[in-house]
Amino acid sequence: MDEVLERCRQALTKRSPLLLGVLNAAKVVKLRKDPVLRASLLECDLLLADGQSVVWASTLLRRRLPERVTGIDLFEKLLGLAHREGLSVYLLGARADVLELLEMRLQERFPGLKIVGRNDGYFPDSEAARVAADIRNSGADMLFIGMASPKKEIFLGSFKDALDVPILHGVGGSFDVLAGITRRAPVRWQRMGMEWAFRLLQEPRRMWRRYLTTNAEFLLLTAREFFAPSPPFRSTKNTRLVEPATGDKP
């Protein structure tokens with residue numbers, strides 16, 4: 001986490017774009033079949049291990065990552081940084097009512113936080129250019145995106161270079177959590193890598209099939225990689241998961 005925050009500080013100082021991405025077991029499975037998702041992850045300047053299973057797999061495969069850096073934890077750290085240093089943020093995603101509640105909760109937690117704009121994530125494609133222009137005109141230092149795939153990837157792919165925002169972070173369902181709509185797993189569950197089980201308990205009918213199939217497939221992929229390593233996906237950018245300076249690159 002300290003390495004990630006330092007990279008963010010450097011990007012803010014230089015006002016150069018830093019696109020952050022997160023990877024969990026579900027994405028490892030999906031990216032092999034979804035070229036849009038795969039390309040979006042390879043475009044990231046920094047790719048982080050959001051899921052504990054990814055960290056465990058890295059140790060098993062002798063490409064050890066130092067720790068899990070979750071999207072929501074990084075979101076909260078960056079909000080704290082913005083609050084302390086007077087930096088501005090833009091919120092993009094979720095429903096309009098959730099955004100309104102989120103902004104209220106953030107102002108309670110970070111009094112005086114500079115939220116220079118917000119837009120829900122349900123705008124039509126014809127409005128994308130207007131949303132991008134609003135973000136650029138806001139002068140935001142950080143853009144937090146709570147939109148689902150592939151809409152998020154398509155939006156960033158089309159407008160990332162025109163937004164003029166140093167920190168771009170896709171936060172998934174974190175807007176709902178910080179707004180108090182959904183609950184995050186207790187810390188003990190997080191440390192055991194069981195956040196998926198906590199969510200399953202909250203939404204069993206909707207989530208059971210997804211977790212059963214993706215978790216099983218992730219285990220099979222990890223076992224296959226242990227015995228027969230596959231070549232890495234490549235991008236024109238220097239994309240990597242954060243690792244110790246002395247460690248092997250994945």
Side-chain angles (χ1 to χ4, degrees), residues 4 8 11 17-51 54 69-76 78-79 89-99 102-103 106 115-138 140-179 181-182 184 199 206-207 210 214 233 235 237 239 241:
V4 179
C8 290
L18 182 69
L19 177 58
L20 302 165
V22 296
L23 192 66
N24 56 23
K27 285 187 179 180
V28 169
V29 172
K30 290 179 181 178
L31 67 83
R32 294 171 175 267
K33 303 171 185 176
D34 186 339
V36 174
L37 176 61
R38 182 169 65 245
S40 74
L41 290 168
L42 291 172
E43 277 296 304
C44 292
D45 299 296
L46 206 58
L47 189 57
L48 312 172
D50 179 74
V54 176
V69 180
T70 70
I72 187 171
D73 288 337
L74 180 58
F75 182 22
E76 292 181 290
L78 289 173
L79 287 170
V89 305
Y90 192 107
L91 306 171
L92 175 62
R95 301 192 312 268
D97 60 317
V98 174
L99 271 182
L102 172 63
E103 185 168 352
L106 293 182
I115 301 176
V116 292
R118 57 182 167 94
N119 202 101
D120 68 75
Y122 293 91
F123 54 88
D125 293 342
S126 60
E127 288 287 300
R130 177 197 61 79
V131 173
D134 188 53
I135 295 170
R136 180 181 179 86
N137 293 336
S138 74
D141 298 301
M142 304 180 188
L143 171 63
F144 299 112
I145 309 170
M147 295 194 302
S149 299
K151 188 170 185 176
K152 177 185 69 179
E153 288 75 23
I154 293 172
F155 180 79
L156 286 174
S158 300
F159 300 105
K160 177 172 70 75
D161 295 333
L163 297 176
D164 191 29
V165 179
I167 305 299
L168 303 103
H169 180 24
V171 299
S174 299
F175 284 4
D176 286 348
V177 175
L178 295 192
I181 304 297
T182 59
R184 191 180 181 191
R199 187 174 178 188
R206 190 170 76 89
M207 305 303 297
R210 168 184 162 182
T214 56
F233 294 111
S235 171
K237 302 187 74 172
T239 302
L241 288 121

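Every heavy atom of this structure was used, including side-chain atoms; hydrogens, water molecules and symmetry mates were not.
You'll find the side chain of D34 stays beyond 4.5 Å of the side chain of R38, heavy atoms only. Between L41 and L37 the shortest side-chain heavy-atom distance falls below 4.5 Å. Contact check for L168 versus L18: no side-chain heavy atoms found under the 4.5 Å cut-off. Counting only heavy atoms from C-beta outward, the side chains of F144 and L78 approach each other to under 4.5 Å.
Listed here is the closest heavy atom pair of V165 and A140: CG1-O, 3.7 Å. Across all non-hydrogen atoms, the minimal contact from P166 to A11 is CB-O, 3.8 Å. Of all heavy-atom pairs spanning D45 and L19, the tightest one is OD2-N, 2.7 Å. Contact record, D120 with A96: CB-N, 3.7 Å, taken as the closest heavy-atom pair.
Between the side chains of Y90 and D134, at least one donor N or O sits under 3.5 Å from an acceptor N or O.
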For L23 and V28: C-alpha separation, side-chain torsions, deciding distance, then whether side-chain contact (heavy atoms from CB on, under 4.5 Å) applies. CA-CA 7 Å; L23 192 66; V28 169; 3.9 Å; yes
Yes or no on side-chain contact (heavy atoms from CB on, under 4.5 Å) for L20 and C8, after CA distance, side-chain angles and deciding distance? CA-CA 9 Å; L20 302 165; C8 290; 4.2 Å; yes
Can you list the steps and then say if L79 with L178 is a side-chain contact (heavy atoms from CB on, under 4.5 Å)? CA-CA 11 Å; L79 287 170; L178 295 192; 4.0 Å; yes
One pair to check against side-chain contact (heavy atoms from CB on, under 4.5 Å): I167 and D141. What are the steps and the verdict? CA-CA 6 Å; I167 305 299; D141 298 301; over 6 Å; no
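The backbone N or O of N24 sits nowhere less than 3.5 Å from a side-chain atom of D50 that would complete a donor-acceptor pair. Side chain of H169 to backbone of G71: a donor-acceptor contact under 3.5 angstrom is found. Using modelled atom types, one side-chain atom of N137 and one backbone atom of A133 make a donor-acceptor pair closer than 3.5 Å. With K27 contributing its side chain and V22 its backbone, the two residues share a donor-acceptor pair below 3.5 Å. With hydrogens and angles disregarded, no donor-acceptor distance shorter than 3.5 Å links the side chain of R136 to the backbone of L163. When atom types are taken as modelled, the side chain of K151 and the backbone of F123 share a donor-acceptor pair closer than 3.5 angstrom. No donor-acceptor pair under 3.5 Å is formed between the side chain of R118 and the backbone N or O of L92.
Distance CZ/F175 to CZ/F75: 5.0 Å, rounded to 0.5 Å. The distance from atom NZ of K160 to atom SG of C44, rounded to the nearest 0.5 Å, is 9.0 Å. Atom CG of residue D125 and atom OG of residue S158 lie 9.0 Å apart, to the nearest 0.5 angstrom. Summarising the geometry, atom CE belonging to M147 is positioned 10.5 Å from atom OH belonging to Y122; distances are rounded to the nearest 0.5 Å.
The side-chain contact (heavy atoms from CB on, under 4.5 Å) with L91 is formed by just one residue from the set N119, V98, L143, L106; it is L106.
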